[in-house]
Amino acid sequence: VQLQASGGGLVQAGGSLRLSCAASGVTFSNYFMGWFRQAPGKEREFVAAISRRGINIYYAESVKGRFTISRDNAKNTMYLQMNSLKPEDTAVYYCAASSRFSNVPGGFGYWGQGTQVTVSS
């Protein structure tokens with residue numbers, strides 16, 4: 001499984017970004033997908049996850065109402081639309097794939113390389 005995250009950048013507080021995670025080498029629709037983030041000096045934390053067909057979606061409380069996870073199985077791609085961004089959202093964002101539901105890093109066996117999101121105040 002190869003995952004390629006993209007779409008990060010520098011944005012002012014209140015702004016928006018859309019992250020993408022392109023998968024290759026797998027049947028994408030067989031995998032439960034998730035987004036995690038890691039800020040400097042902090043542990044990697046769960047952001048959002050989506051089931052194989054996009055029916056079940058899960059969010060961390062800190063992003064609920066601001067972030068939207070989605071996937072397009074025909075394009076082997078997952079997305080994270082991030083609105084109303086805050087400085088505390090600053091982190092490296094990682095996409096990950098799992099064979100079953102999880103909301104912890106240890107539950108995901110495949111990881112992308114990460115994309116930096118920086119939110120200025």
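Any value given below was found using the heavy atoms of this structure, including those in side chains, with hydrogens, waters and symmetry copies removed.
Rounded to the nearest 0.5 angstrom, D72 CG and S29 OG are separated by 11.0 Å. Atoms OG1 and CD, from T90 and E88 in turn, are 8.5 Å apart once rounded to the nearest 0.5 Å. In this structure, W35 CH2 and E45 CD are separated by 14.5 Å, a value rounded to the nearest 0.5 Å. Note that CG of N56 and OG of S51 are 4.0 Å apart. Values are rounded to the nearest 0.5 Å. Note that OG1 of T115 is 9.0 Å distant from CD of Q4, once rounded to the nearest 0.5 Å. Separating the CG atom in N83 from the CZ atom in F67 is a distance of 8.5 Å, to the nearest 0.5 Å.
Other residues, nucleotides and ligands contribute more than 12 heavy atoms inside 6.0 Å of the CD atom of Q81. For OH of Y110, the number of neighbouring non-hydrogen atoms (other residues, nucleotides, ligands) closer than 6.0 Å is 12 at most.
Taking both residues in full, the closest heavy atoms of L85 and R66 are given as CA-NH1, 3.9 Å, listed atom of the first, atom of the second, then distance. Nearest heavy-atom pair, G107 versus S102, reported as atom, atom and distance to 0.1 Å: CA-OG, 3.3 Å. Here the closest non-hydrogen pair linking S121 and P87 is CB-CG, 3.8 Å. Closest heavy-atom contact between V11 and G15: CG2-CA, 3.8 Å. Minimum interatomic distance between V117 and G8 (heavy atoms only, all atoms of both residues): CG2-CA, 4.1 Å. The two residues L17 and G7 come nearest to each other via the heavy atoms CD2-O, 3.9 Å.
By the rule that hydrophobic residues join a cluster once side-chain heavy atoms approach within less than 4.5 Å of another member, I69 and V104 end up as members of separate clusters. When hydrophobic clusters are built by joining Ile, Leu, Val, Met, Phe, Trp and Tyr residues whose side-chain heavy atoms come closer than 4.5 Å, directly or via intermediates, I57 is not grouped with F101. No single ILVMFWY cluster, assembled from side-chain heavy atoms under 4.5 Å apart, contains both F32 and V26.
A heavy-atom distance below 4.5 Å is not found between the side chains of F36 and E43. Under the 4.5 Å side-chain criterion, counting only non-hydrogen atoms from C-beta, V92 is not in contact with R37. Two residues are said to be in side-chain contact when any heavy atoms from C-beta on lie closer than 4.5 Å; I50 and M78 meet this criterion. With contacts defined as side-chain heavy-atom distances shorter than 4.5 Å, the pair V1/Y31 qualifies. The shortest side-chain heavy-atom distance between C21 and Y79 does not fall under the 4.5 Å cut-off. Residues L3 and M33 are in side-chain contact: their nearest non-hydrogen atoms beyond the backbone lie under 4.5 Å apart. Within the 4.5 Å cutoff, the side chain of F108 has no heavy atoms near those of the F46 side chain. Counting heavy atoms from C-beta on, the side chains of T68 and Y59 come closer than 4.5 Å.
Side chain of Q116 to main chain of G9: no donor-acceptor pair is present (N/O by atom type, distance under 3.5 Å, no hydrogens or angles). Put simply, the side chain of S62 never gets that close to the backbone of A60: no donor and acceptor are under 3.5 Å apart.
The side-chain tip of R71 points at the ring of F28 from less than 6.0 angstrom away and within 45° of straight on.
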Worked verdict on Y58 versus N103 for side chain to side chain contact (heavy atoms under 4.5 Å, CB included):
CA-CA 8 Å; Y58 311 87; N103 63 354; over 6 Å; no
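Test V119, L19, D89 against M82 for side-chain contact (heavy atoms from CB on, under 4.5 Å) and you get one pass: L19.
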